[in-house]
Each structure stands twice: as C-alpha cells, then as structure tokens.
Amino acid sequence: RKEVEQDPGPFNVPEGATVAFNCTYSNSASQSFFWYRQDCRKEPKLLMSVYSSGNEDGRFTAQLNRASQYISLLIRDSKLSDSATYLCVVNGYNAGGTSYGKLTFGQGTILTVHP
Amino acid sequence: AAGVIQSPRHLIKEKRETATLKCYPIPRHDTVYWYQQGPGQDPQFLISFYEKMQSDKGSIPDRFSAQQFSDYHSELNMSSLELGDSALYFCASSSRGAGTYEQYFGPGTRLTVT
C-alpha cells in the first residue's frame, strides 16, 4: 500500500464546474501537508499548504482531518488553465524519527477542464 | 522572485558513463532535496542536505552520490549509468530555518541513458 493514496481519476469537467480531490496518508507521524500541481513534463508547483483549520486561496479550498488521515482539495469555478495533475504531498518524520523533510507524493490525479 | 536553478536541463549519456547534475537553491534557503521522477510515476525522494550536511536519504542507488557546497549549491553525481536511470531529476529547496518546510522545485534535468 502506498504511503499517500489519491483518487485515481482522471477527472474531466466542464469550465465552471466544482471538483473535489481526496487523499489519505498512512504515516500518522506526518507533520505537513501540501497540494502541488504538475503540468506535463514540468516541475511540481506548490499550490497550497494544508492546515487542520482548513484554508482557502481564491477558488481553492484545502482541508485536513488528522484523525482520519485525510486531505482534500476543492476547486470551484474550474478554468481551462486548471488542467493539470494534482499531487497530494505529505512531509514527515522518517521511521527513526530522526529527520524531517522528505516529501512523499501520491500518484496524482489528472484533471482536464474542457470548454 | 528567484527560483531554483538546475543545470543542465537535458542530458544524454550512454550506459556506464557518469553524469553530474547541479542545483542552485533559492537564495537564503538552507535545505536542498533531490527527487527522481520516472515516466508516468510520482517523484521519489533521493537525498537531502541541510546546512551542507546530509539530512536524509531515500531510495538513492549506491552508484549515486551528492553533496552540498559552501555556497549551498548541490551536485548529484551519477556513475555507471543504467538505462533505468533515465528520468526527470528535480532539485527542491526550502528554508528550514523559517519553519515552513514548503519545498520549491527547479525545472528539472531530463536524463536520457542510451
């Protein structure tokens, strides 16, 4: 089982639609949580960090449920430019509890927004 | 704003050759990470450095080594290249001292081993 699992997708939605992505993580020691987007053959770009209180950035809302080890991303009023792969990413201590830094990625969910 | 710089952007090598990838982190970032992304896969963590010391190690083959220099740039050295090493190699940087742990990725080096 992967350490970070996402909806398999792909998602094909019309412009203006609302779309939600879900993600679960297995390492309860995980400390920080992020959503990245990645365009084809490009680098992952940080979309937003995810906090327990939930956070919103324009059309994007992220939620974290530590008890359920569940992360979500909601995109409202989808734009053509939102088409990309969305990566759920977790950052936490390793098994030895001695370091903090490496990112563990989900397999990504492909979103295509069409006219 | 300045971003992470990686060089070269593209590299073609033959089997058993060596390659050196370079990464220049965002100014004032103290931590550098290396990731490998194979075709159709998610990025896999290789190794990281904090203040020029190795801080964590992932699935990095013994044929690979890396270091961070006094100016904070990092190099990933790859020897005895194999066909399976063909991938996108990303460098990311963060400011651990700022306590955010957000990592910013460079554009990557696309390595093709023939």
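A, B, ... follow the sequence lines: proteins, then strands. Residue 1 opens every chain. These numbers come from the heavy atoms of this one structure, side chains and all, not from hydrogens, waters or symmetry mates.
For Lys42(A), the NZ atom counts as loosely surrounded, since its 6.0 Å shell holds 12 or fewer non-hydrogen atoms of other residues, nucleotides or ligands. With a 6.0 Å radius and a threshold of 12 heavy atoms from other residues, nucleotides or ligands, Arg59(A) has its CZ atom above the threshold. The number of heavy atoms from other shown groups lying within 6.0 Å of CZ (Arg28(B)) does not exceed 12. Heavy-atom contacts from other residues, nucleotides or ligands closer than 6.0 Å to CG of Asp71(B) number more than 12.
Contacts from residues 16-25 of chain B to chain A, taken as heavy-atom pairs separated by less than 4.5 Å, involve no residues at all. Residues of residues 103-115 of chain A lying within less than 4.5 angstrom of chain B, judged on heavy atoms, are Leu103(A), Phe105(A), Gly106(A), Gln107(A) in numerical order. For residues 107-114 of chain B, a heavy-atom distance under 4.5 Å to chain A picks out Pro107(B), Arg110(B), given by residue number. Within residues 73-91 of chain B, the residues approaching chain A closer than 4.5 Å by heavy atoms are, in numerical order, Leu88(B), Phe90(B).
Looking at heavy atoms from C-beta onward, Phe34(A) lies out of side-chain contact with Gln103(B) at the 4.5 angstrom threshold. At a threshold of 4.5 Å between non-hydrogen side-chain atoms, the residues Ser49(A) and Glu102(B) count as touching.
When each of Leu46(B), Thr31(B), Asp42(B) is checked for heavy-atom pairs under 4.5 Å with chain A, Asp42(B) comes out on top. When each of Pro39(B), Ala92(B), Gly40(B), Gly106(B) is checked for heavy-atom pairs under 4.5 Å with chain A, Gly106(B) comes out on top.
Val90(A) and Phe21(A) fall within the same hydrophobic cluster, defined by Ile, Leu, Val, Met, Phe, Trp and Tyr side-chain heavy atoms under 4.5 Å apart, directly or through other members. At a threshold of 4.5 Å between side-chain heavy atoms, the hydrophobic network of Ile, Leu, Val, Met, Phe, Trp and Tyr places Tyr25(A) and Tyr86(A) in one connected group. By the rule that hydrophobic residues join a cluster once side-chain heavy atoms approach within less than 4.5 Å of another member, Phe33(A) and Val4(A) end up as members of one cluster. Ile47(B) and Tyr72(B) are not part of a single hydrophobic cluster, where members link through side-chain heavy atoms under 4.5 Å apart. Phe60(A) and Leu80(A) fall within a single hydrophobic cluster, where Ile, Leu, Val, Met, Phe, Trp and Tyr side chains are chained together by heavy-atom contacts under 4.5 Å.
Contact of Gln37(B) with chain A is made through the side chain alone, with heavy-atom distances under 4.5 Å. For Tyr50(B), no part lies near chain A; criterion is any non-hydrogen pair under 4.5 Å.
The CZ atom of Phe105(B) sits 9.5 Å away from atom CD of Glu43(A), with the distance rounded to the nearest 0.5 Å.
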